[in-house]
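Report on the following structure.
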Amino acid sequence: MHKKFDHKEIEGKWQKHWKENGNYDLNKRDDSKEKEYVLVEWPYPSGNLHIGHWYAFAVPDIYVRYRRMIGTQVLYPMGFDAFGLPAENAAIKRNNNPREWTEQNIEYMKGQLNSMGNAFSWDKTTSSTDPEYFKWTQWMFTEFFKNNIAYRGEGVVNWCPSCNTVIANEQVQADGTCERCDNLIEKKKMPQWMIRITDFADELIDDLEGLDWAEHIKDAQRNWIGRSEGALIDFKLSLGEQVTVFTTRPDTLFGATYMVLAPEHELVHKYRDKIKNWSDVEIYITATRQKAEQDRLDNTKEKTGVKLEGITATNPATGEEIPVYIADYVLASYGTGAIMAVPAHDERDHAFAQKFGIDIKQVIYQDDGTFRDSVNLSANIGQGKLKNSGEFDGMDSEEAKEAITIKVGGKLTNTYRLRDWSIGRQRYWGVPIPIVYDPEGNARPVPLEHLPWKLPEDVDFKPTGVPPLSKSQELKERTEKIFGAGWTPEVETMDTFVDSSWYYLRYIDNKNDKEFSSKKAQKTWLPVDLYFGGAEHTTMHLLYSRFWQKALHRLGHVEHKEPYTRRINRGLILGPDGNKMSKSKGNVIDPDEQVERVGADTVKMYLAFMGPYGETANYPWDMGGIAGQRRFLERVNGLIEHITDNEDKDMTALLHKTIRKVTNDIQNFKFNTAISAMMIFLNQAEKTGLCRESYLLFLKLLAPFAPHLTEELWYEAEEKGSIHQQTFPEFDPGLAKDEMVTIGVQINGKMRGEITIAPGADEETALTAVRNNDSLQAKLGENKPKRVIYVPGRILNLIV
RNA sequence: GCCCGGGUGGUGGAAUCGGUAGACACGAGGGACUUAAAAUCCCUUGCCUAUUCAAACGGCGUGCGGGUUCAAUUCCCGCCCCGGGCACCA
């Protein structure tokens with residue numbers, strides 16, 4: 001009997017050995033090889049690795065090891081996204097500094113990551129909290145500031161009136177209340193540090209074209225950015241002023257029978273003395289402001305609004321005088337905060353006009369030229385041909401959009417759902433915004449020589465309504481000492497999404513103290529070839545970091561316009577009960593326990609076997625399933641007992657077919673079917689035996705999946721060096737071919753039996769095989785097929 | 001409401017340039033070994049059907065209803081359900 005599979009001994013031994021020999025250190029490897037950059041999202045050091053981390057890091061490791069075995073030099077770095085709120089909350093609870101908590105967690109998690117036995121390029125690691133890292137985060141911010149990409153602007157924040165502080169989006173509960181005190185959150189305008197991401201909106205959409213991403217991921221980004229193509233058109237008010245509206249349908253301008261301003265629109269306040277029914281208007285404005293976002297966004301409820309008595313507008317196309325309303329269905333934050341309303345061709349306008357008895361004027365025929373009554377029925381929102389539109393009658397909508405816009409002196413333009421990115425946080429545990437204010441109150445960037453602009457330690461970070469940094473004496477003194485009396489520091493820190501927007505740039509040159517990364521390193525490694533990550537980051541992180549790369553590119557600091565060539569979104573591992581794992585549900589699987597029990601190779605293979613990687617499906621954890629993987633590895637462990645001198649010809653063929661299948665599947669991230677192919681091979685090998693050469697090829701095939709066990713078996717077979725530095729097996733097309741193949745035989749399209757013939761056999765041979773098959777012949781009887789459909793290697797269908 | 005996924009055995013899933021549906025694994029049932037249990041090994045396992053046990057050379061079957069085709073899980077049309085994202089976006 002072969003010795004038993006002692007995973008603890010084997011895994012400990014080889015992890016130590018790999019580390020001591022620097023097997024995965026990039027600097028030790030051959031620079032002449034082809035380069036590949038495989039990235040996984042760096043974790044937040046919460047203190048414990050969960051099963052999701054394993055799924056995120058251990059399964060891509062299969063691909064990484066495979067690529068290395070075919071001779072590619074793969075960068076597979078790991079680091080920590082270590083700023084953020086949990087550390088601050090933990091520190092408040094324990095009354096210590098978030099740094100201590102964070103550093104302890106990182107140390108502990110490094111040990112856990114080590115237990116995976118992954119081929120991480122640890123020599124390239126970094127952490128967002130490392131001063132040598134955030135020095136460059138700050139430098140990039142100052143570059144953006146100098147070039148008007150970062151600016152001090154008015155941002156809308158979530159304000160909790162009870163806690164007296166700004167609340168992050170993530171802390172606002174689904175019903176719009178505060179996570180801590182359950183009071184209703186208000187939207188409040190405050191001066192904020194903003195990033196001009198909207199300036200890049202078109203590039204962010206258009207450059208998706210060239211990326212090798214799944215179409216649904218691109219769709220999600222496009223929708224998030226939400227580009228609407230339309231026009232800005234000026235409407236003259238009876239009081240002299242112009243109001244600019246944004247519309248996607250300038251072709252319907254002749255049908256605009258009223259206009260609507262957002263209740264917050266500045267002109268409403270400006271004309272308070274001229275508006276005859278101001279008290280009604282004021283009540284409506286107040287009511288709007290107090291409405292929770294939820295209510296306002298509920299489009300099923302009845303339209304409300306107030307007519308502005310004493311003000312009218314002129315439709316620039318018809319010259320007609322039209323009424324002006326305020327209504328909360330128009331948002332101040334989108335477009336220009338004002339719309340022209342075309343009730344015949346917009347559903348919302350239609351509902352509003354019907355309620356308020358406003359004219360509905362139809363200006364579009366349906367596409368097929370027929371007329372549909374959109375006055376009394378519902379709005380006809382489709383495009384078509386114009387009517388009741390003066391000189392434009394008969395023109396197509398598409399053509400008319402431009403023609404009418406030009407006619408009235410408007411401008412074709414785009415509007416976006418995407419807003420500028422507010423990055424200031426009134427928090428402690430983040431990157432200090434490297435800005436100081438001169439005695440006149442002007443914001444000035446902290447020069448590079450004073451970066452990193454460190455986090456002061458003398459603060460109290462309990463939430464009090466003011467940013468913790470504002471209480472630091474040290475920061476105040478530091479600022480005055482460097483810049484002079486009367487200068488004051490910025491006291492906000494950055495959103496942690498900033499930190500993770502550029503980490504892939506630091507990994508490649510993590511020890512560089514002159515630049516964030518050299519052009520040479522960028523040339524070698526960028527863009528990232530393959531980026532594995534969670535679907536939840538599709539619109540936030542993934543968009544922010546694409547923006548970051550583009551902004552750096554615009555300023556000439558990086559060579560590429562896109563950071564990630566290929567993106568694979570992974571699914572989610574659920575608890576055994578089919579629910580998302582959570583402590584409150586008590587369905588959390590602790591990976592450490594599993595590794596202790598069955599070993600890292602088993603856990604990794606089970607995760608890979610659950611289903612295809614790169615599809616955003618959710619897979620429930622199954623205790624029986626993981627036991628099956630363990631059984632498989634135990635049988636691999638004993639396979640050496642089945643080695644024979646003379647190997648069956650079919651066994652050799654199966655080996656080569658298996659190599660072909662596994663190779664294809666790894667390349668397509670279908671690790672589940674790759675493992676299944678190896679199981680089929682093992683089942684057969686145990687029955688018929690295999691030669692030593694095949695045994696060793698099989699071990700190499702399995703090496704990326706079960707790195708520890710295969711290393712042990714390789715060593716035991718007295719082979720030289722590490723199995724992970726061997727060349728991945730290649731299949732022999734001649735040997736992988738089937739000599740005979742069994743195909744189905746249909747009679748009139750119904751499956752009636754099967755025949756076994758050579759894959760390339762001709763029709764006559766196939767028919768002979770049918771005649772020699774009693775059962776088939778009996779079913780066919782005396783009938784001579786009227787028609788024969790024969791697809792070699794696939795099917796034979798006889799029509800009688 | 002709009003956009004994107006997805007519905008296949010008891011379970012995870014396999015098979016889509018249309019060509020033997022259910023690979024592989026789990027679970028379940030039966031058997032061997034054992035004083036016994038665990039482990040291991042072997043066999044069976046989509047559903048239905050003969051007035052008894054057993055079950056095909058029978059029938060049905062990939063969410064539902066149509067269609068195209070010699071042949072449909074796969075393609076087309078119309079629905080239903082589940083998951084995710086966005087949402088009075090002009």
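All chains are named by letter (A, B, ...) in the order of the sequence lines, taking the proteins before the strands, and each is independently numbered beginning at 1. Below, each value reflects all heavy atoms present in this structure, side chains not excepted, and no hydrogens, waters or symmetry copies.
- OP1 or OP2 of B:C60 lies within a sub-4.0 Å distance of a side-chain N or O belonging to A:K750.
- Applying the Watson-Crick and G-U wobble criteria (two distances, each under 3.5 Å), B:C17 pairs with nothing in any strand.
- Residue contacts shown for A:T248 are limited to sugar-phosphate atoms, with no base heavy atom under 4.0 Å away.
- A:G625 comes within contact range of the sugar-phosphate backbone alone, with a heavy-atom separation under 4.0 Å but no base atom that close.
- Across all strands, A:F246 comes closer than 4.0 Å to base atoms (heavy-atom distances).
- Residue pairs meeting the side chain to side chain donor-acceptor pair (under 3.5 Å) criterion with at least one member in residues 615-625 of chain A, sequence neighbours excluded, do not occur.
- Using a 4.0 Å heavy-atom criterion, one finds that A:R631 contacts the sugar-phosphate atoms exclusively.
- For the residue pair A:R635/A:N683, the side-chain donor-acceptor check at 3.5 Å is satisfied.
- B:C2 and B:G85 make up a base pair, with Watson-Crick or G-U wobble contacts both under 3.5 Å.
- In this structure, B:C64 forms a base pair with B:G78, meeting either the Watson-Crick or the G-U wobble geometry with both donor-acceptor distances under 3.5 Å.
- B:C53: no Watson-Crick or G-U partner with both key distances under 3.5 Å is found in any strand.
- Both the sub-6.0 Å distance and the 45° axial angle are satisfied by A:R417 relative to the ring of A:W224.
- For A:T673, the listed nucleotide lying nearest its side chain is B:A23; candidates were B:C24, B:A23, B:G27.
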